[in-house]
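First the proteins, then the strands, lettered A, B, ... as listed; each starts at 1. Note that the structure is predicted; figures quoted are calculated from it, not measured.
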Amino acid sequence: MTEKVRVRYAPSPTGFPHVGNIRTALFNWLFARHHKGSFIVRIENTDVARTVEGAVEAILGGLRWLGMDWDEGPDVGGDYGPYFQSERLKLYQAAAKQLVEQGDAYYCYCTPERLDEMRAEQIRLKQPPGYDRHCRQISATNNVLKLISGSRRVIRFRTPMEKQTTFTDYIRGEVTFENAKIDDFILLKSGGYPTYHLASIVDDHLMQISHILRAEEWLSSTPRHLMLYKALGYKLPQFVHLPMLLGADRSKLSKRHGAVSITEYQTQGYLPEAMMNFLALLGWSLDDKTEIISRKDLIDNFSLKRVSQTAAIFNREKLDWMNGVYIRNLSSGDLTRRVIPFLERELPPEVKRPISVEYVEKIIPLIQERIKKLEEVAGLTDFFFTGELDYQPDLLIVKKMNRELAGKALETSLLKLRRLPAFDEESLETMLRPLAEELELKTGQLFGTLRVAVTGRAVAPPLFQTMIALGKERCISRIKRAIAILKEMPEETDSE
RNA sequence: GGCGCAUUCGUCUAGCGGCCUAGGACACCGCCCUCUCAAGGCGGAGAUCACCGGUUCGAAUCCGGUAUGCGCUACCA
């Protein structure tokens, strides 16, 4: 790459940033960082009607969360600003005017009603829909008359009606379109705002964008863009059309596919580094086996040559696995720090806040290899925080035991526990294992009963460590309570 | 309907004419470990490389056609 790499992520704030969109941003960012170029963020807010409140913040927040920093754009500025298209209207209007003067564009006075009717008719006659060029030949004098009369007008491109447009896409290779199949598309809307086609071409030129990495859905629009580049006399960038991201049913990713907005992944407790790793592997690969790749290795090795040309389906299960891998690789201090906000948010309201960091750090090693998402932590550890446990009494009667046996097991355990001089893993181990034998129980039966007594559930982290984290006093009182619960149960309750 | 792009295990992918009786990962199944659940280890099943022709001594890899999927076809991006 001889010229300086300047790429851009140009989201439209018409919705929340979905993962496909962010993946496009990621490839741009990786490409820029790999080549030590510039990553530019430009907000394409030219569709006033569809603009969604808060979308810009959500988009920028998503980028920040993933650690994709931008060299130019909102907040940071830059030499080619402003970076909101709504603040660059004069630039587009000037370009449109230039095209009209050159004869490459013309004013169109067709009303939306006429266009709708025209389209309906074309569809009825099974003709390809497209503007019928009704206003293409209006004379200069008529234009003046219309202007005076106050008619609303748009500016359309005077698309060449013969020959074809060919370009080389970095990923797809040579692509050719018949010019005659492209209608006279709108450049400037009646409200003075540009369409995407005009605005992006003007800005990419002015901002000296070297490579346009965007989703494949833009491939069909590229010939229009080429025509504009030519008419405006701009230098061509390299076009790179990235494969699309699809939902499980192979259709374009949308809300019915579950979580699609990047912010949802953040709130569910996916780690940003796992998310980046996963997204990078959707349409790009390092080699035939590497799955876990650090951010640095991603940057060092990213290459357009290894971008695939086929659309990919967003596979949640693999993301979950990968997130688990990243979680397991965290230090307990780091995991604790990340988990605290989730506990603050999800633990029952009666648990007093703030949650103790020291206490959480003791619990973390017990669940670190058992979670895939940070939001799962509260549900797995609430018994460490709550006072009295609430559980089904028959849980206390583990497989092949009965009420009497369970009661005996608990009472003997309680007795021995009280006399235990030290409360650590080793002493619990040397006390409890022989006890099982003594009671003629399998360790699973004894430990299972104790587990329910102490945690209120049949599935929990390893018993000894859990008891230690809970503390001797709490274990004793919970076992006492379990004994009482058993006593209140009807006689015939047995477990098979 | 027209135009464009794509097509390797369910999913993400490796593969760029002989290394492929197609490799890895997720998910799935079994075994081991084990106080439950995980994690981990080992193993298994899973792709006639969409289909049909052609080129070649030889094709998942090159060419053509068909089918299917997706995208575009807005005063949306």
Phosphate OP1/OP2 of B:G40 contacted by A:R328 side-chain N/O (<4.0 Å): yes
Residue pair A:L319 / A:N315, side-chain heavy-atom distance below 4.5 Å: no
Phosphate-side-chain proximity, A:R172 and B:G4, N/O vs OP1/OP2 below 4.0 Å: no
By side chain to side chain contact (heavy atoms under 4.5 Å, CB included) - contacts of A:D300 (at least two apart): A:K296, A:D297
B:C28 - base-pair partner by Watson-Crick or wobble geometry, distances under 3.5 Å: B:G44
Any pair counted as salt bridge (Lys or Arg N to Asp or Glu O under 4.0 Å), so long as it reaches residues 279-292 of chain A, sequence neighbours left out: A:E291-A:K318
Side chain to side chain contact (heavy atoms under 4.5 Å, CB included) involving A:I138 - partner list, sequence neighbours excluded: A:Y109, A:C135, A:N142, A:N143
Nearest-angstrom distance, C1' atom, B:U66 to B:C28: 35 Å
Between C1' of B:C12 and CD of A:Q309, the distance in whole Å: 16 Å
Sugar-phosphate only, base, or nothing, as touched by A:R306 at under 4.0 Å among non-hydrogen atoms: sugar-phosphate
Pairing residues for A:R250 by the side chain to side chain contact (heavy atoms under 4.5 Å, CB included) criterion, not counting sequence neighbours: A:L246, A:I313
Between the protein and nucleotides 23-25 of chain B, list every N/O to N/O distance that falls short of 3.5 Å.
residue : atom : partner : partner atom : Å
B:G23   : N2   : A:D288  : O            : 2.9
B:G24   : N2   : A:E291  : OE2          : 3.3
B:A25   : O4'  : A:E291  : OE2          : 3.0
B:A25   : N3   : A:K318  : NZ           : 3.3

With A:S190 via side-chain hydrogen bond (donor to acceptor under 3.5 Å, both in side chains) - residues at least two apart: A:R152
Polar side chain donor-acceptor pair, A:D424 to A:S427, under 3.5 angstrom: yes
For a quick test of your reading: what N or O donor-acceptor pairs under 3.5 Å do the side chains of residues 176-186 of chain A make, sequence neighbours left out?
residue : atom : partner : partner atom : Å
A:T176  : OG1  : A:T166  : OG1          : 3.0
A:E178  : OE2  : A:Q164  : NE2          : 3.1
A:N179  : ND2  : A:T165  : OG1          : 2.6
A:D183  : OD2  : A:Y131  : N            : 2.9
A:D184  : OD1  : A:R133  : NE           : 3.1
A:D184  : OD1  : A:R133  : NH2          : 3.4
A:D184  : OD1  : A:T159  : N            : 3.1
A:D184  : OD1  : A:T159  : OG1          : 3.3
A:D184  : OD2  : A:Y106  : OH           : 2.7
A:D184  : OD2  : A:R133  : NE           : 3.2
A:D184  : OD2  : A:R136  : NE           : 2.9

Touch class at under 4.0 angstrom, heavy-atom based, for A:G283 against every strand present: sugar-phosphate
Charged N-O contact under 4.0 Å between A:K230 and A:D104: no
Nearest-Å distance for atom pair CG/C1', residues A:N179 and B:C3: 12 Å
Show me the side-chain donor-acceptor pairs of residues 434-452 of chain A shorter than 3.5 Å, one per line, residues at least two apart or across chains.
residue : atom : partner : partner atom : Å
A:Q445  : OE1  : A:K442  : N            : 2.8
A:Q445  : NE2  : A:K399  : O            : 3.0
A:T449  : OG1  : A:Q445  : O            : 2.8

Euclidean distance, atom NZ of residue A:K305 to atom P of B:A14 [Å, nearest integer]: 15 Å
Qualifying salt bridge (Lys or Arg N to Asp or Glu O under 4.0 Å) pairs with a residue from residues 211-221 of chain A, counting only residues at least two apart or across chains: A:R172-A:E216, A:E217-A:K252
Protein N or O to nucleotides 41-44 of chain B N or O, pairs below 3.5 Å:
none

Per-nucleotide protein contact string for nucleotides 66-77 of chain B, where B marks a base within reach and S marks sugar-phosphate only (heavy atoms under 4.0 Å, - for neither): ----SBSSSBBB
Rounded distance in Å - CG (A:D320) to P (B:A39): 12 Å
Rounded P spacing from B:C29 to B:A39 in Å: 13 Å
Touch class at under 4.0 angstrom, heavy-atom based, for A:L282 against every strand present: sugar-phosphate
Within residues 365-378 of chain A, residues whose heavy atoms come under 4.0 Å of RNA chain B: A:E369, A:R370, A:K372
Watson-Crick/G-U partner (both atom distances under 3.5 Å) of B:C76: none
